[in-house]
Amino acid sequence: MPTHNRVELLKKAINSVLAQSYQNFKLVIVNDGSSDGTQAYLESLKDPRISFIEHKSPMGACRSRNDAIDFLDTELVTGLDDDDTFLPERLTELLSVYDDNYSFVCSGYYWDYGTYKKPLFKGNREITLSDAFDLNQCSNQILVNRKRVIDIGGFDVSLPALQDYDLWIRLISNYGTAYRLGKPLYIVNSDQNIEHISSVDNKMKAIAIFSKKHEKLMLKRNKENFEFYKKKINGDKFSFLNLLTSIKYGLFNLKLRLFFSRYFKRISTIRLKYLQSGGLLHLLKSEIKDLLSSNCIHVTIVLILLFLTFYFY
């Protein structure tokens with residue numbers, strides 16, 4: 001677990017590991033140059049299963065993850081970001097489906113908006129290389145044989161973002177299909193006030209490196225879907241024509257969602273407010289009142305689109 005200047009969130013993350021129903025684990029935290037009391041907190045922990053590594057100056061999340069993996073002597077490894085949390089059955093459930101015939105196993109997770117937690121990737125399924133190129137549907141944490149990660153070079157420190165996605169691709173490419181347990185076992189914190197590791201600029205730079213690195217392995221549909229992802233991250237236009245021409249490559253709901261967010265921003269704003277703070281009826285009453293008072297002649301159409309947006313999101 002890498003961490004940098006988020007000691008209060010780190011405490012919650014560590015507590016979620018300690019609360020696991022499966023207790024035979026080792027936890028390594030890498031303090032990546034923190035200056036907020038993180039080191040003192042780590043030194044106060046007395047659980048013999050917990051170890052820590054201190055970087056005197058920040059070296060990045062990827063280097064920190066690689067250092068933790070090298071430090072461990074376990075057969076299997078998994079990860080946790082310092083602003084996220086495990087659900088109590090995560091290790092038990094992942095171990096119950098682990099099979100060396102798969103390159104790794106992973107699970108669904110909850111995206112925590114604030115008031116509501118949305119479950120993502122709820123279906124059990126095998127994930128092929130083409131599936132993984134279409135969309136990172138393995139989440140940002142997996143359970144994997146430690147030696148496999150080391151043998152393919154670990155996380156790529158040259159990438160400014162998409163480091164986990166890149167590693168999952170290389171694992172599947174080298175060791176075959178992965179398996180996802182559809183049960184959400186992890187909570188990802190989407191708080192906009194938290195400084196996240198990857199900015200838009202970093203993601204765009206990483207997309208260029210990732211594309212060049214894996215281009216020969218990608219099918220036409222993978223390249224088309226990666227272009228969609230690029231548009232999404234960069235905030236590019238995504239017209240109705242773009243939607244119609246791209247849905248033959250799959251990911252229909254994601255593409256429809258992006259179309260709505262680009263051309264019906266008010267609806268997207270209502271949705272986000274609802275997920276963050278709840279109060280759907282109050283939000284709808286307020287928005288309908290504003291629409292009627294603005295002499296909008298397309299109120300009915302907007303309300304239908306609002307319904308469809310909530311349905312597909």
Exercise. Check each of Ile172, Leu94, Leu76 against Phe104 using the side-chain contact (heavy atoms from CB on, under 4.5 Å) test, and report the only one that passes.
Key: Ile172
Quiz item: Among Leu120, Asn140, Thr85, whose side-chain contact (heavy atoms from CB on, under 4.5 Å) with Tyr186 holds?
Solution: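 Result for side-chain contact (heavy atoms from CB on, under 4.5 Å) with Tyr186: Asn140.
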Self-check item: Lys/Arg-Asp/Glu bridge criterion (N-O < 4.0 Å) met for Asp100, Arg148
Solution: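 Salt bridge: yes.
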Quiz prompt | Cationic N near anionic O, under 4.0 Å, Asp131 to Arg125 | solution = yes
Path from [X] to [Y] over hydrophobic side-chain contacts below 4.5 Å:
X: Trp111; Y: Leu80; result: yes
X: Ile152; Y: Ile142; result: yes
X: Ile187; Y: Leu9; result: no
X: Val188; Y: Tyr116; result: yes
X: Tyr110; Y: Leu181; result: no

Any side-chain donor paired with an acceptor under 3.5 Å for [X] and [Y]?
X: Arg146; Y: Thr74; answer: no
X: Arg90; Y: Gln141; answer: no
X: Asp82; Y: His4; answer: no
X: Ser130; Y: Asn222; answer: yes
X: Glu93; Y: Tyr22; answer: no

Quiz item: What do the steps show when you test Leu254 against Tyr229 for side-chain contact (heavy atoms from CB on, under 4.5 Å), and what is the final call?
Solution: CA-CA 10 Å; Leu254 285 178; Tyr229 175 70; over 6 Å; no
Do [X] and [Y] have side-chain heavy atoms sitting under 4.5 Å apart?
X: Asp99; Y: Val105; result: no
X: Arg49; Y: Leu27; result: no
X: Leu143; Y: Val97; result: no
X: Tyr98; Y: Asn145; result: yes
X: Phe155; Y: Asp166; result: no

Please check: side-chain N/O of [X] versus main-chain N/O of [Y], any donor-acceptor pairing under 3.5 Å?
X: Asn31; Y: Phe52; answer: no
X: Ser103; Y: Gly176; answer: yes
X: Ser16; Y: Ala13; answer: yes
X: Glu126; Y: Thr177; answer: no
X: Trp168; Y: Ser139; answer: yes
X: Asn5; Y: Ser35; answer: yes
X: Asp112; Y: Lys117; answer: no

Exercise. Taking side chain to side chain donor-acceptor pair (under 3.5 Å) as the test, write out the residues that go with Arg63, two or more places apart.
Key: Asp67
Exercise. Start with the C-alpha gap between Glu224 and Arg221, add the side-chain angles, then the distance that decides, and say whether salt bridge (charged side-chain N to carboxylate O under 4.0 Å, His left out) holds.
Key: CA-CA 5 Å; Glu224 292 290 338; Arg221 64 171 289 130; over 6 Å; no
How about [X]: does its [atom1] atom have over 12 heavy atoms from other parts shown lying under 6.0 Å from it?
X: Lys255; atom1: NZ; value: yes
X: Lys147; atom1: NZ; value: no
X: Lys122; atom1: NZ; value: no

Considering all heavy atoms of both residues, which atom of [X] and which atom of [Y] are nearest to each other, and what is their separation?
X: Ala132; Y: Ile169; value: CB-CD1, 3.7 Å
X: Val157; Y: Cys62; value: CG1-CB, 4.0 Å
X: Ile127; Y: Cys106; value: CD1-SG, 4.3 Å

Practice problem: Run the ring-centre check on Phe259 versus Phe240 and record whether the distance is less than 6.0 Å. | Solution: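 Between Phe259 and Phe240, the centre distance is under 6.0 Å.
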Practice problem: Would you sort out whether Arg262 and Leu258 count as a side-chain contact (heavy atoms from CB on, under 4.5 Å), showing the intermediate values? | Solution: CA-CA 6 Å; Arg262 292 289 190 267; Leu258 182 64; 3.3 Å; yes
Self-check item: Test applied, salt bridge (Lys or Arg N to Asp or Glu O under 4.0 Å); reference residue, Asp81; option that passes from Lys12, Arg6, Arg65
Solution: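 Exactly one candidate clears the test, Arg65.
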Practice problem: Please lay out, stage by stage, how Lys213 and Asp156 fare under the test salt bridge (charged side-chain N to carboxylate O under 4.0 Å, His left out). | Solution: CA-CA 11 Å; Lys213 186 175 183 179; Asp156 186 345; 2.7 Å; yes
Quiz prompt | For Tyr165, all residues meeting ring-ring contact (aromatic ring centres under 6.0 Å, His included), sequence neighbours excluded | solution =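 Residues passing ring-ring contact (aromatic ring centres under 6.0 Å, His included) with Tyr165: Phe210.
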Practice problem: Please name all residues satisfying ring-ring contact (aromatic ring centres under 6.0 Å, His included) with Tyr249, sequence neighbours left out, ordered by chain then number. | Solution: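 Result, ring-ring contact (aromatic ring centres under 6.0 Å, His included) vs Tyr249: none returned.
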Practice problem: Kindly determine whether Phe133 and Asn225 satisfy side-chain contact (heavy atoms from CB on, under 4.5 Å), including the steps that lead there. | Solution: CA-CA 8 Å; Phe133 272 130; Asn225 285 328; over 6 Å; no
Practice problem: Kindly determine whether Asp201 and Lys205 satisfy salt bridge (charged side-chain N to carboxylate O under 4.0 Å, His left out), including the steps that lead there. | Solution: CA-CA 6 Å; Asp201 286 344; Lys205 291 174 184 175; over 6 Å; no
Quiz item: Roughly how far apart are Tyr109 OH and Asp84 CG, rounded to 0.5 Å?
Solution: 10.0 Å
Quiz prompt | Intermediate values then yes/no, side-chain contact (heavy atoms from CB on, under 4.5 Å), Ser246 and Phe228 | solution = CA-CA 8 Å; Ser246 67; Phe228 159 74; 5.5 Å; no
